Protein chains: 2
Amino acid sequence: MPQPSSGDRVRPVTLSDVARAAGVSQSTASRAFNGSARRVDEALKQRVLEAAARLNYVPNTQAQAVARGRTTTIALLVSDIADAYFSSMAAAMMAEAESAGLRVSVIVTERRIERELEVVREVRGQHARAIVLAGSGYRDAALTGTLRAELDMVIESGGRVVTVSRGDLPFESVDFDNAGGARQLGASLARLGYRDFLVLAGEPELVATQDRVAGFRAGLADAGIELDDDRVIPSAFSWEGARDAVQRLGDDVLAGTRLVFAVNDEMALGAVAALRGRGFRIPEDISVAGFDDIRTLRDVVPGLTTVHVPIADLAAEVVGRIAHGVPGAPGSILPTSVVLRDSTPRLN
Amino acid sequence: MPQPSSGDRVRPVTLSDVARAAGVSQSTASRAFNGSARRVDEALKQRVLEAAARLNYVPNTQAQAVARGRTTTIALLVSDIADAYFSSMAAAMMAEAESAGLRVSVIVTERRIERELEVVREVRGQHARAIVLAGSGYRDAALTGTLRAELDMVIESGGRVVTVSRGDLPFESVDFDNAGGARQLGASLARLGYRDFLVLAGEPELVATQDRVAGFRAGLADAGIELDDDRVIPSAFSWEGARDAVQRLGDDVLAGTRLVFAVNDEMALGAVAALRGRGFRIPEDISVAGFDDIRTLRDVVPGLTTVHVPIADLAAEVVGRIAHGVPGAPGSILPTSVVLRDSTPRLN
DNA sequence: ATGAAAGCGCTAACAC
DNA sequence: GTGTTAGCGCTTTCAT
C-alpha cells in the first residue's frame with residue numbers, strides 16, 4: 001500500500017505553537033504540563049491542555065532532556081536479547097520501570113568487552129539516568145580498567161551504575177545467590193545418589209559462572225564428594241558453546257559421567273542436544289542439570305533440573321534502587337532455589 | 001561495594017570545553033567530528049580530536065538530535081519481548097540497524113491496542129526516524145482509526161512507518177507469506193495422511209493469524225479436505241492462551257482430532273503442554289504443528305513441525321527500507337517454507 | 001577554512 | 001500567577 005498523506009512534510013507542532021493557540025506565554029504552557037513548581041490557574045491550564053489536544057501536540061523528549069539536563073532512561077546492557085534469560089530480564093525490567101515512570105533502553109553487547117566499552121561510551125552520550133550491566137564480567141584486567149573508568153565518569157556526572165551478576169566491577173551490585181544455589185544443587189544431587197559429575201563451566205573469564213562452579217563443588221564436598229579439575233570443562237557461554245564442547249568430549253570421559261551440570265540452562269540444553277546426538281538418553285544414560293530456570297524449560301521434556309533465579313524480584317530491586325535508592329547502597333543478593341525435575345531422577 | 005568517586009558530581013564535558021582546550025571555535029570543533037559539510041584543516045582537526053580524547057568527551061546525543069532535528073533511532077513495537085519470536089526479531093533488527101548506523105529502541109505493547117496508541121504518541125515525541133510495528137493488528141475500528149491518525153502524523157513530520165505482519169494499517173508493510181506457508185503446510189499434512197484437524201486460531205481480532213487459518217484451510221481444500229468452522233478454536237494469542245483453550249476442550253472434540261495446528265509456535269507448545277496434561281502422547285495420539293520456527297524449537301522433543309519464517313531477511317528488508325528506501329515503496333512479502341519434523345509423522 | 005551568531009524545543013530562574 | 005529572558009549542548013547558516 002502507498003503511504004497516505006505523503007509529500008508535504010510538515011513541521012511538528014511545538015510548545016510555542018500550543019502557547020500561541022492558547023493565548024499564553026510559552027512558560028505558562030510548559031507549566032501547564034509539568035504541573036509541579038509554580039501552579040498555573042486552572043482555567044488557563046485547561047485552555048492550554050485543550051489547545052495541545054486540538055493540535056495533537058506531543059512534547060519533544062530530546063529537547064526536554066537537554067533543557068532539564070537529565071533523562072528518564074535506564075540503559076540495560078545484555079549479551080544477547082534473543083537469549084531467554086536476558087529477554088526475560090529485559091521484560092521484567094521494562095515492566096518495573098514503567099510503573100516507576102522510567103524507560104529502559106536495551107543494548108546488546110554481543111559478549112564482547114570491546115563492544116561493551118564502546119556501548120558504555122554511547123550510553124554516556126545519551127545521559128541515561130542509570131546503566132545496568134547484566135551478564136557476566138570478564139577477566140581482562142586492562143579492558144575492565146578502561147570500562148571501569150568509563151563507568152566512573154557516568155557516576156561523576158550524576159548517573160547510576162548497577163551491575164547484575166558480575167563481580168568484576170566495583171559498583172552497586174544486585175545478584176542472585178549463585179554460589180548458594182549451586183551448592184544446594186550439588187548437595188541435592190548427591191542426595192539423589194549421583195557421584196560421577198561433569199561440569200560445563202562456560203568461559204573461565206566470566207566471573208559469575210565461577211561462583212556457580214565453586215558453589216557446586218562445595219555442595220558436593222558437603223556430601224564428601226570431590227570434583228576433580230579435569231571434570232570441569234570450559235566452553236563458550238552459550239547453547240552452541242555447550243553443544244560443541246560435549247561433541248568434542250572423549251567417549252571415555254562421557255563413559256565416566258552420570259550427570260552433567262551446566263552453569264546455565266541454555267548451556268544445559270545445548271548439552272542435551274549434543275548428548276542425544278551421541279546416542280545418550282536423558283536421564284536414563286546421563287542426567288543433566290542447569291541454572292536459571294528460563295522460560296524455555298516449560299517446553300522441555302524431560303523437565304530440566306535447575307536453580308531458579310527470581311528475575312522479577314531482581315528487576316524490582318534494580319529499578320527500585322535507581323528510582324528511590326541512595327546512590328552508594330551496599331549490594332544485595334537474592335535467594336535462589338533448587339528445582340528438581342525429571343532430568344535428574346533418584347538413582348536406583 | 002561502595003560507589004567509587006562518589007560525592008562531587010561534575011558537569012559533563014561539552015563540545016565548547018573541547019573547543020576551548022583545542023583553541024578553536026565551537027563550530028570548528030563540531031565540524032572536526034561530523035566531518036561532512038565544510039572540511040576542516042587536518043592539523044586543527046587532530047588538535048580537536050586529541051583534546052576530545054584527553055577530556056573524555058562524548059557528544060550529547062539528545063542535544064545533537066534537537067539541533068539536527070532528527071534522530072537515528074528506529075522504534076520497534078513488539079507485543080512481548082520475552083516471547084521468542086519477538087526477541088529474535090529484536091535481535092535481528094538490532095544487528096541490522098547497527099551496520100546501518102541506526103539504533104533500535106524496543107517498546108513493549110503488551111498486546112493492548114490502547115497501550116499501543118499511547119506508545120506511538122510517546123515515540124512521536126522521541127522523533128524516531130522510523131517506527132516499526134511488529135505483531136498482529138486488531139480489528140477494533142475506532143482505535144485503529146486513532147492509531148492510524150497518530151501514525152499519519154509521524155509520516156507528516158518526516159518519520160517512517162513500517163508494519164510487519166499486520167494488515168490493519170495502510171502503511172509500508174513487510175510480511176511473511178503467511179497464507180502461502182500455511183497453505184503448503186496444510187497440503188503437506190494432508191499428503192502425510194492427516195484428515196481430522198483442529199486449529200488453534202488465536203484471537204479473531206488479530207489480522208495476521210487470519211491469513212494463516214485461511215491459508216491452512218486452502219491447503220486442505222487443495223487436497224479435498226474441508227475444515228469446518230467449529231474445528232477452528234479461538235484463544236488468546238499466547239502459550240497460556242493455547243494451553244487454556246486446549247484444557248477447556250471437550251473430550252469428544254479431542255477424540256475427533258488427529259492433528260492440532262496452532263497459528264504460531266508458542267501456541268503450539270502451549271497446546272502440547274495441555275495435551276500431555278490430559279494424557280495424550282505427541283505424536284502417537286495427537287500430532288501438532290505450529291508456525292514461525294522459533295529458536296525454542298531446537299530444544300523441543302519431538303521436533304515440532306512448523307513453517308519457517310526468515311526473520312533475519314525481514315529485519316534486513318525493514319532496516320534497508322528505513323536506511324535507503326524510498327518512502328512510499330510497495331510492500332514486500334518474504335517466502336516461508338514448511339519444516340516437517342517428528343511431531344507430524346506420516347500416518348500408517 | 002574559520003569564527004560569530006542564530007536557532008533547535010524546551011525548562012527554569014528572574015522579575016513583575 | 002504570568003511573562004520575559006536566559007540558558008541546555010549542539011548544528012548550521014552567514015560573514016569573513
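Naming: A, B, ... by sequence-line order, numbering from 1 per chain. Predicted model only: the values in this text are computed from it and were never measured.
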Run the salt bridge (charged side-chain N to carboxylate O under 4.0 Å, His left out) test against A/Glu122 and tell me which residues pass, sequence neighbours left out.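 Result, salt bridge (charged side-chain N to carboxylate O under 4.0 Å, His left out) vs A/Glu122: none returned.
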Non-neighbouring partners of B/Glu150 that pass salt bridge (charged side-chain N to carboxylate O under 4.0 Å, His left out), sequence neighbours left out: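 Listed in chain order: B/Arg121, B/Arg124.
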Taking only residues two or more places apart in sequence or in another chain, which ones pass side chain to side chain donor-acceptor pair (under 3.5 Å) with [X]?
X	value
B/Ser27	B/Ser25
A/Arg166	A/Glu116, A/Asp168
A/Ser165	A/Asp175
A/Thr14	A/Ser16

Nearest non-hydrogen partners of A/Leu77 and A/Val123, listed with the distance: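 The pair with the smallest heavy-atom distance is CD1-CG2, 4.4 Å.
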For residues A/Gly23 and A/Arg47, report the shortest heavy-atom separation together with the two atoms involved.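 Shortest heavy-atom separation between A/Gly23 and A/Arg47 comes out as O-NH2, 3.9 Å.
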Length of the line joining [X]:[atom1] and [N]:[atom2], which is rounded to integer Å:
X	N	atom1	atom2	value
B/Arg31	D/dC14	CZ	P	14 Å
B/Phe33	D/dT11	CZ	P	9 Å
A/Asp17	C/dC8	CG	C1'	13 Å
B/Arg70	C/dG7	CZ	P	22 Å
A/Leu55	C/dG9	CG	C1'	15 Å
B/Arg68	D/dT12	CZ	C1'	11 Å
A/Arg11	C/dG9	CZ	P	6 Å
A/Gln62	C/dC10	CD	P	11 Å

I'd like a table of donor-acceptor pairs (distance under 3.5 Å, sequence neighbours excluded) in which one partner is a side-chain atom from residues 86-96 of chain A, with atom names and distances.
residue	atom	partner	partner atom	Å
A/Ser87	OG	A/Asp83	O	3.2
A/Ser87	OG	A/Ala84	O	3.3
A/Ser88	OG	A/Ala84	O	3.2

Below the 4.0 Å mark, does [N] have OP1 or OP2 next to a side-chain nitrogen or oxygen of [X]?
X	N	value
B/Asn60	D/dC8	no
B/Thr28	C/dG3	yes
A/Gln64	C/dT11	yes
A/Ser30	C/dC10	no

Positions of residues 18-27 of chain A (non-hydrogen atom under 4.0 Å from DNA chain C), listed by number: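 Contacting residues: A/Gln26, A/Ser27.
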For DNA chain C, the residues among residues 41-53 of chain A that have a non-hydrogen atom under 4.0 Å from it: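 Nucleic-acid contacts, sorted: none.
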Which one, D/dC8, D/dC10, D/dT11, comes nearest to the side chain of B/Asn34?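 Shortest atom-to-atom distance from the side chain points to D/dT11.
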Sequence neighbours excluded, every pair satisfying side chain to side chain donor-acceptor pair (under 3.5 Å) that has a member inside residues 319-329 of chain B: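 Checked against side chain to side chain donor-acceptor pair (under 3.5 Å) - neighbours excluded - the pairs reaching residues 319-329 of chain B are B/Glu172-B/Arg321, B/Glu317-B/Arg321, B/Arg321-B/Ser332.
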Only pairs at least two apart or in different chains count here, so list each side chain to side chain donor-acceptor pair (under 3.5 Å) that has a residue in residues 51-66 of chain A.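 Residue pairs passing side chain to side chain donor-acceptor pair (under 3.5 Å), neighbours aside: A/Gln64-A/Arg68.
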Rounding to 10 degrees, work out the angle separating the end axes of the helix from C/dA1-D/dT16 to C/dC16-D/dG1 (five pairs an end).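 Roughly 40°, once rounded to the nearest ten degrees.
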Name the nucleic acid region contacted by B/Pro59, choosing base, sugar-phosphate or nothing; use a 4.0 angstrom heavy-atom cut-off, strictly under.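 Sugar-phosphate only.
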Looking at A/Arg115 and A/Glu118, does any basic side-chain N land under 4.0 Å from a carboxylate oxygen?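 Counted as a salt bridge, because a side-chain N and a carboxylate O are separated by less than 4.0 Å.
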